[in-house]
Amino acid sequence: MGNLSVDYSQYTPVGDIISIASCLVFIILLSTSYIKKTKLFSIFKLGLGTVVVASYTGFLYHFGMMTPGVMSHNTIYVLRVIYHAALFGFLYVFLYYAITILQLTDVRYKRILVSYGVLYVLILLVDAFGSIFKYGFYIDKAGEPHTGVNIFIIGYILFVVQIFQLLLGHKDKIYKQVIQSIGFVCALSIIILALQGHSGQTSFTTITYVFPLYAIMYMIHSNPYDLESGALDTRAFEDLISYYHKNQKNFILMSLLLNDFEGEGKSYPEEINELVRRFASDYYKGAKHFQVTNGHMFLVAGIEKNPNYDHIINLMLNSFQDLYQKYRYDFKIVILKSISEVSEQKDYVSLVKFVESSMPMNDIHYFEGTDIDSFKRNKMIISQIEDICKKKNLNDERVLVYCQPVFNIQRGTYDTAEALMRLRLPDIGMVFPNEFIPIAEEHEFIHTLSLIILNKTCLSIKSLLDEGYKISRISVNISIIEMRDDDFCNDINHVIKNSGIPFDKIAIEITESQNEDDFNLVKEKIDILRESGIKFYLDDFGTGYSNLERIMELPFDIIKFDRSLVIASKMNDKSEMMVSHMARMFSEMLYSVLYEGVEDEDDEEKCLHMSAKYLQGYKYSKPIPIEKLRNYIDKSA
């Protein structure tokens, strides 16, 4: 490597050939894989380009030196200058890369770039003039080479020292293992160069420049494909969306959700992976596909390269339908074109999941304008609920308490009610439970909302009692998700105690869970809270999964029969007998039976003959603000 006693007869082209081959490998991999298109990666590609030039010109230069007469001396001089320009160009690019990755932007580091840019030019000038004025490398008339002043090794040392100084001086700015890996590889390159120089060789100079490229590529820019499906990860997806948005390019996105394969440890079966691979490689030009979750995959293709994307979509859907007919995997497919504001926020995952949440199974949905409006509304609701939970104000005005009075048959009066939650949000207005409860549960906001409703309900009961109204209790709905929290019982007891009302004025409504762990947890929490006097309702009995043995293990006070049982009892005598027997069984076991969804006198008459103790529904009252409960309950004499 520029040693004063270089023996060109010992040169072997193996090093430069390997270097050229390595660069070709880089080019092939970079053209077939997905790498985040950042400024840093552009610098990396520039460095790769300098090594490609150095490898090729280095091979030609040494070939000319080994075979006198094949090339003119001037050609050899030019090749040598280009060779050294490329090698120093790599060192300068490496220096620029280090400053960029360390995010060193102040004037000092800009001056380093400028000063080393000047040094780069001076080295090349000194090297070139050395051949002209015979003080550096030149070939005499007899064809003998002379090395003269070795400006190359001086410049190399200056560049390497500056690069290591930057990396070591700011090692706290980057993950330690990244710095160590790149540093060790660079050190190995220097050792090889030193050993080569000691032996008077120049065969392996360019290959030592390839080593740092491997380290940088693997540690910083790698984004490997999943071996089975060929998918990239969500980070790569966001990077690609940013690239399309920045360059104002439109794309088509297809989402495939297979619910059967969601969950940890699950993955697409081979027949699905094979189809997805084919979709990405055979149908679209330049398409990429991404693994969002185990059972959820996105495929993205640029519209500019695929103007016939509608036709391609139909071909893909036909292929998928053929597979569905064979294997019957439940699916949801969403198809949409790029949306600028969603691209800007890189929010396609949330958007697609939102659309999927309202889709029936085995459906294909083409995105519509109304979808984005609904999505924006959903995001606003999430933002407001998040703010409510962050502030933890138990009197937050955005959370409203409505209630539905419950008629006590034995007393012939209203003395209980069910508290119902509503949200009144800025720029949105009134939001009902069917819209915000799933959001609150998904984002783990539900417990804070329940505590707010519980607190406001307790304060309303306190006010009613102080005014002399006869109120037995008001029930509050609680999600089983909340009961998984270790502080659940303490939170409930704390709110009721602080309100100053008796604990038996509050009832908690819960729905039965199919989960064995949840069942044991619910039983434990009910036992704890019942000791304070809190009552418990089993809500929505008759819907979904109902295990009588489990129900009887739980110390409920009231079983709420869903309206579906009221409707079923009117279908035929057999159905009525079944509902009636279940109600009578619960009554005989000292559970109180409450029928909800009673809408008319016919419903009422039917329930009165089926062991009803409480009735609730539109026949008596629609949900009302809790302040209006005074219009239904009696005052003490």
Side-chain angles (χ1 to χ4, degrees), residues 394 401-421 447 450-480 482-483 487-512 521-541 551-561 586-587 589-596 612-616 620 626-627 629-630 632-637:
L394 295 184
V401 184
Y402 275 58
C403 71
Q404 193 167 29
V406 175
F407 186 71
N408 185 325
I409 295 171
Q410 291 178 343
R411 295 183 180 178
T413 186
Y414 300 96
D415 63 347
T416 67
E418 177 185 2
L420 303 167
M421 194 184 324
H447 186 48
S450 294
L451 291 179
I452 294 174
I453 283 297
L454 177 62
N455 178 66
K456 291 192 172 188
T457 299
C458 289
L459 295 179
S460 294
I461 293 174
K462 181 71 166 61
S463 178
L464 290 169
L465 292 174
D466 289 346
E467 294 173 23
Y469 287 97
K470 294 187 291 186
I471 181 77
S472 294
R473 78 189 74 87
I474 296 180
S475 62
V476 176
N477 288 276
I478 294 293
S479 169
I480 286 181
E482 301 176 61
M483 304 183 88
D487 294 326
F488 174 76
C489 292
N490 290 334
D491 291 342
I492 298 296
N493 281 327
H494 179 73
V495 170
I496 300 173
K497 182 179 179 180
N498 281 354
S499 70
I501 66 170
F503 279 78
D504 63 2
K505 297 298 181 183
I506 287 293
I508 290 178
E509 295 193 21
I510 58 174
T511 54
E512 186 189 0
L521 184 67
V522 168
K523 188 175 186 302
E524 176 188 342
K525 297 298 172 68
I526 290 178
D527 288 338
I528 293 172
L529 291 173
R530 276 178 64 89
E531 292 180 3
S532 303
I534 297 172
K535 305 294 184 182
F536 278 86
Y537 293 10
L538 174 63
D539 195 14
D540 296 332
F541 176 73
I551 291 172
M552 288 184 286
E553 284 187 49
L554 297 174
F556 289 114
D557 298 283
I558 293 178
I559 308 295
K560 295 185 71 172
F561 277 40
F586 283 124
S587 296
M589 296 176 65
L590 304 181
Y591 294 101
S592 296
V593 175
L594 186 159
Y595 287 95
E596 54 184 345
K613 185 173 181 180
Y614 297 100
L615 299 175
Q616 176 183 350
Y620 310 103
I626 198 167
E627 295 80 12
L629 187 57
R630 290 171 173 80
Y632 290 82
I633 59 177
D634 296 331
K635 274 193 172 184
S636 301

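Predicted model only: the values in this text are computed from it and were never measured. For the numbers below, each heavy atom of this structure counts, side chains included, while hydrogens, waters and symmetry mates do not.
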Practice task
Please lay out, stage by stage, how D415 and I633 fare under the test side chain to side chain contact (heavy atoms under 4.5 Å, CB included).
Solution key: CA-CA 6 Å; D415 63 347; I633 59 177; 5.6 Å; no
Heavy-atom check, side chain of [X] versus side chain of [Y], under 4.5 Å:
X: K535; Y: I558; value: no
X: C489; Y: E531; value: no
X: L451; Y: I492; value: yes
X: T416; Y: R473; value: yes
X: I474; Y: L629; value: yes
X: D557; Y: R530; value: yes
X: L554; Y: L538; value: no
X: I510; Y: I526; value: yes

Could you give the distance from [atom1] ([X]) to [atom2] ([Y]), rounded to the nearest 0.5 Å?
X: K525; Y: I478; atom1: NZ; atom2: CD1; answer: 11.5 Å
X: I453; Y: L394; atom1: CD1; atom2: CG; answer: 11.0 Å
X: E418; Y: L594; atom1: CD; atom2: CG; answer: 8.5 Å
X: E596; Y: F561; atom1: CD; atom2: CZ; answer: 11.0 Å
X: Y402; Y: E627; atom1: OH; atom2: CD; answer: 8.5 Å
X: I496; Y: L529; atom1: CD1; atom2: CG; answer: 7.5 Å

Problem - Aromatic centroids of F536 and F556 separated by under 6.0 Å - result: no
Completion exercise
Residues at least two apart in sequence or cross-chain that pass side chain to side chain contact (heavy atoms under 4.5 Å, CB included) with K505, listed by chain then number, are I461, L465, I501, P502
Completion exercise
Those residues at least two apart in sequence (or on a different chain) that pass side chain to side chain contact (heavy atoms under 4.5 Å, CB included) with S587 are V593, S611
Not counting sequence neighbours, which residues clear ring-ring contact (aromatic ring centres under 6.0 Å, His included) with [X]? List them please.
X: Y591; answer: F586
X: F488; answer: H447
X: F407; answer: Y414, Y620

Can you list the residues that meet the side-chain hydrogen bond (donor to acceptor under 3.5 Å, both in side chains) rule with [X], with sequence neighbours excluded?
X: T413; value: D634
X: K462; value: D466
X: S499; value: none
X: E509; value: S475, K560

Exercise for the section: State which residues pass salt bridge (Lys or Arg N to Asp or Glu O under 4.0 Å) with D527; sequence neighbours excluded, sorted by chain then number. Expected result: K523
Problem - Counterpart residues, salt bridge (Lys or Arg N to Asp or Glu O under 4.0 Å), relative to K497 (two or more places apart) - result: none
Any idea which heavy atoms bring [X] and [Y] closest together, and the distance?
X: V476; Y: A419; result: CG2-CB, 4.2 Å
X: Y614; Y: S592; result: CE1-CB, 4.0 Å
X: S532; Y: F503; result: O-CB, 2.9 Å
X: E467; Y: K635; result: O-CE, 3.3 Å
X: S463; Y: R630; result: OG-NH2, 2.9 Å

Practice task
Any pair with a residue in residues 451-460 that passes side chain to side chain donor-acceptor pair (under 3.5 Å), sequence neighbours left out, goes on the list, sorted by first then second residue, please.
Solution key: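 Sorted result for residues 451-460: N395-N455.
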Exercise for the section: Decide yes or no on side chain to side chain contact (heavy atoms under 4.5 Å, CB included) for I534 and N493, but give the supporting numbers first. Expected result: CA-CA 9 Å; I534 297 172; N493 281 327; 4.1 Å; yes
Practice task
Look at atom CZ of R411 and say whether more than 12 heavy atoms of other residues, nucleotides or ligands are closer to it than 6.0 Å.
Solution key: no
